[in-house]
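For this chain, numbers begin at 1 and follow the sequence in order. As the structure is a prediction and not an experimental result, all values here were calculated from the model.
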Amino acid sequence: MKRVLLALALATGSARAQSDTATVSYVVGGVRVIQRKTTASLVVANLYLLGGVRQVTPRTAGIENFLLSVGDFGTQKYPKQVLRRAIARTGSEITASPGADWTLVSIHTTTTELDSTWAIFAEKIMHPTLDSTDVEFVRDQMVSGVRQRIDSPDATLDFLSDSISYAGSAYALSPVGTEGSLSKITRAELRAYEHDQMVTSRMLLVIVGNIPRAKVEALVGSTLGKLPAGKYVWTMPDTMPTRPADVVFDQRPLPTNYIQGVFNGPPANSPDIPALRVAAAVLSGRMFAEIRSRRNLTYAVSASIHDRALTPIELYVTTTSPDTTVALMAQEVRELQEGEIETERLAPLVQQFITEYFLDNETITAQADFLARNQLYRGDFHAGARFVADLRAVTGADVRRVARAYFKNVRWAYVGDPSRIKLDRLLNF
């Protein structure tokens with residue numbers, strides 16, 4: 001029933017969104033705010049520190065996450081134990097998530113606890129103590145976490161995939177850093193980064209909940225709005241240059257091989273994005289039907305767009321028969337590029353994609369992220385109102401066109417036994 005109701009809601013969602021009066025945008029003390037009013041007592045406030053990996057170098061990769069993590073151990077107003085007790089009393093969560101395009105610092109709280117939680121949140125951003133003992137403790141934790149990445153084939157696969165897919169660009173850097181970078185970042189560098197980079201021009205705040213605008217303006221104006229403006233200007237990253245197919249192996253004696261390939265896609269504001277979403281969904285369904293259902297060669301195979309300012313199309317599979325499986329994946333790609341799909345036959349698949357997409361993004365946390373991506377990638381949070389209509393406008397010819405344009409020069413990461421697959425199978429995909 002939930003899926004049926006959601007599908008019906010989506011049928012008219014685009015028209016309603018065009019007249020959305022519950023969402024507004026304004027500036028407080030140099031901080032851009034997007035606020036969506038709801039009737040829920042839960043409040044989500046997402047602060048996007050813009051720039052992501054473009055803010056760092058290989059030497060300083062992970063510094064922003066490092067700084068925010070040390071902030072968990074005390075501020076000028078809240079010493080370590082006081083800070084932990086204060087957060088526990090609110091029953092709220094304050095988390096930091098580093099990413100390619102931004103670092104997200106997020107509050108999950110209630111309307112009744114927003115004031116107290118915001119005070120703690122703002123202190124962590126504005127006045128971290130950065131005690132030397134805490135810095136070394138966090139460093140050890142983070143270095144240990146990076147080392148443990150090798151224990152997870154999927155985590156290693158993601159790291160290798162970014163490294164080879166974006167070689168030579170900032171996207172090749174890890175937002176959580178490397179063992180080498182984390183080991184060398186000094187306390188003085190953390191303090192300098194806080195001074196130089198915690199500026200309002202790098203901040204986008206998206207808040208969703210039953211909160212009056214006046215309350216939000218007061219909270220921001222008395223805290224983040226007092227930070228220096230800085231000179232940061234958000235821009236879309238440069239388009240990746242065309243590169244030949246390539247592969248990087250992490251040889252391990254595993255029964256199952258983990259494989260991820262990446263096609264470089266266009267910027268997220270490209271008019272090709274809706275057709276690419278549909279093309280990836282079509283390809284994913286076909287690969288699942290052929291490789292998983294019909295041949296039982298895997299438990300996991302997919303094609304998807306990764307939401308970044310530059311949108312990679314990712315192929316993923318785990319299998320004990322990599323050579324046969326990759327050959328079948330390539331066959332499905334070629335059929336998508338060479339065959340014809342009747343536009344009418346896309347409608348059920350597009351509707352299923354839309355329904356599943358919004359089911360996966362129905363929380364108010366995801367709503368906030370959806371607003372932010374449209375603001376940053378497409379220049380206006382209102383652009384999200386066209387999401388459903390744009391997908392439904394995709395034709396069979398559009399799917400074939402974007403498959404031909406972008407499904408090529410795949411760059412692979414492979415964790416497992418390289419002897420199980422012919423190298424040409426990957427390079428001539």
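For Leu349, the CG atom is densely surrounded, since the number of other residues' heavy atoms within 6.0 Å is greater than 12. Heavy atoms of other residues, nucleotides or ligands lying less than 6.0 angstrom from CG of Asp154 number more than 12.
Relative to the six-membered ring of Phe353, Arg277 misses at least one condition, a distance below 6.0 Å or an angle of at most 45° to the axis.
The distance from atom CG of Leu297 to atom OG1 of Thr320, rounded to the nearest 0.5 Å, is 7.0 Å. In this structure, the separation between NE2 on His108 and OG1 on Thr363 is 7.5 Å, given to the nearest 0.5 Å. Between the OG1 atom in Thr395 and the CD atom in Glu344 there is a gap of 10.0 Å [rounded to 0.5 Å]. In this structure, the separation between CD1 on Ile120 and CD1 on Ile107 is 9.0 Å, given to the nearest 0.5 Å. In this structure, CG on Leu376 lies 10.5 Å from CG on Leu371, to the nearest 0.5 angstrom. In this structure, the separation between CD on Glu189 and OG1 on Thr60 is 7.5 Å, given to the nearest 0.5 Å.
The main-chain N or O of Ala61 is found under 3.5 Å from a side-chain atom of Ser181 such that the two form a donor-acceptor pair. Under a 3.5 Å cut-off, the side chain of Thr343 and the backbone N or O of Gly396 do form a donor-acceptor pair. Not a single donor-acceptor pair under 3.5 Å links the side chain of Arg36 to the backbone N or O of Thr23. Between the side chain of Arg425 and the backbone N or O of Pro322 there is no donor-acceptor pair closer than 3.5 Å. For the pair Thr200 (side chain) and Val31 (backbone), a donor-acceptor distance under 3.5 Å is absent. For the pair Asp246 (side chain) and Arg411 (backbone), a donor-acceptor distance under 3.5 Å is absent. A donor-acceptor pair under 3.5 Å is absent between the side-chain atoms of Glu290 and the main chain of Leu328, judged by distance alone. Panel note: side chain Thr311, backbone Pro266; a donor-acceptor pair is recorded below 3.5 Å. Within the 3.5 Å criterion, the main-chain N or O of Gln197 finds a donor-acceptor partner in the side chain of Arg202. Remark: side-chain polar atoms of Gln337 are paired, donor with acceptor, to backbone N or O of Ala403 under 3.5 angstrom.
Partner Tyr377 forms a ring-ring contact (aromatic ring centres under 6.0 Å, His included) with one of Tyr48, Trp102, Phe370, Phe387 and no other, that one being Trp102. Under the salt bridge (Lys or Arg N to Asp or Glu O under 4.0 Å) test applied with Asp72, the options Lys124, Lys80, Arg84 reduce to a single match, Lys124. With Phe73 as the partner, the ring-ring contact (aromatic ring centres under 6.0 Å, His included) test is satisfied by one option alone out of Tyr78, Phe137, Phe66: Phe137.
In this structure, the side chains of Phe121 and Leu47 come closer than 4.5 Å at one or more pairs of heavy atoms. By the 4.5 Å heavy-atom criterion applied to side chains, Asn264 and Tyr166 are counted as neighbours. A heavy-atom distance below 4.5 Å is not found between the side chains of Asp369 and Val206. Contact annotation: the side chain of Leu190 approaches that of Ile63 to within less than 4.5 Å [non-hydrogen atoms, C-beta and beyond]. At a threshold of 4.5 Å between non-hydrogen side-chain atoms, the residues Val53 and Tyr171 count as touching. Within the 4.5 Å cutoff, the side chain of Trp234 has no heavy atoms near those of the Gln375 side chain. Side-chain contact between Val199 and Lys231 is absent, with no heavy atoms from C-beta onward closer than 4.5 Å. Contact of the Met203 side chain with the Ile125 side chain is registered, since non-hydrogen atoms from C-beta on lie closer than 4.5 Å.
Judged by distance alone, the side chains of Ser161 and Gln260 do bring a donor and an acceptor atom under 3.5 Å apart. Between the side chains of Arg252 and Thr156, at least one donor N or O lies within less than 3.5 Å of an accepting N or O. Judged by distance alone, the side chains of Gln351 and Thr355 do bring a donor and an acceptor atom under 3.5 Å apart.
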For the pair Thr129 and Asp131, evaluate side chain to side chain donor-acceptor pair (under 3.5 Å) and give the outcome as yes or no after the intermediate values.
-> CA-CA 6 Å; Thr129 307; Asp131 178 83; over 6 Å; no

When you look at Tyr414 and Asn257, which way does the side chain to side chain donor-acceptor pair (under 3.5 Å) test go after all the steps?
-> CA-CA 7 Å; Tyr414 185 112; Asn257 300 276; 3.2 Å; yes

Begin with the C-alpha distance, continue with both residues' side-chain angles, and end with the deciding distance and a verdict on side-chain contact (heavy atoms from CB on, under 4.5 Å) for Trp412 and Ile164.
-> CA-CA 7 Å; Trp412 298 96; Ile164 190 171; over 6 Å; no

Evaluation steps, side-chain contact (heavy atoms from CB on, under 4.5 Å), between Thr325 and Arg420 | CA-CA 11 Å; Thr325 299; Arg420 303 293 301 277; over 6 Å; no

Report the C-alpha distance between Gln148 and Ser144 in whole Å, list the side-chain angles of each, state the deciding distance to 0.1 Å, and finish with yes or no for side chain to side chain donor-acceptor pair (under 3.5 Å).
-> CA-CA 6 Å; Gln148 289 174 12; Ser144 177; 3.2 Å; yes

side-chain contact (heavy atoms from CB on, under 4.5 Å) evaluation trace for Val70 with Arg139 | CA-CA 9 Å; Val70 179; Arg139 186 198 312 279; over 6 Å; no

Can you list the steps and then say if Trp118 with Thr90 is a side-chain contact (heavy atoms from CB on, under 4.5 Å)?
-> CA-CA 10 Å; Trp118 182 274; Thr90 68; over 6 Å; no

Please walk me through it: do Glu64 and Gln55 pass side chain to side chain donor-acceptor pair (under 3.5 Å)?
-> CA-CA 9 Å; Glu64 189 156 86; Gln55 294 298 105; 5.9 Å; no

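The pair Arg401-Asp272 counts as a salt bridge, with a side-chain nitrogen and a carboxylate oxygen less than 4.0 angstrom apart. Between Arg378 and Asp390 there is a salt bridge, with a side-chain nitrogen of the basic residue lying less than 4.0 Å from a carboxylate oxygen of the acidic one. For Asp134 and Arg187, the salt-bridge test fails: no basic side-chain N is under 4.0 Å from an acidic carboxylate O.
The shortest heavy-atom contact between Asn46 and Thr365 is ND2-O, 3.8 Å. When all heavy atoms of Val282 and Leu346 are compared, the pair lying nearest together is CG2-CD2, 4.0 Å.
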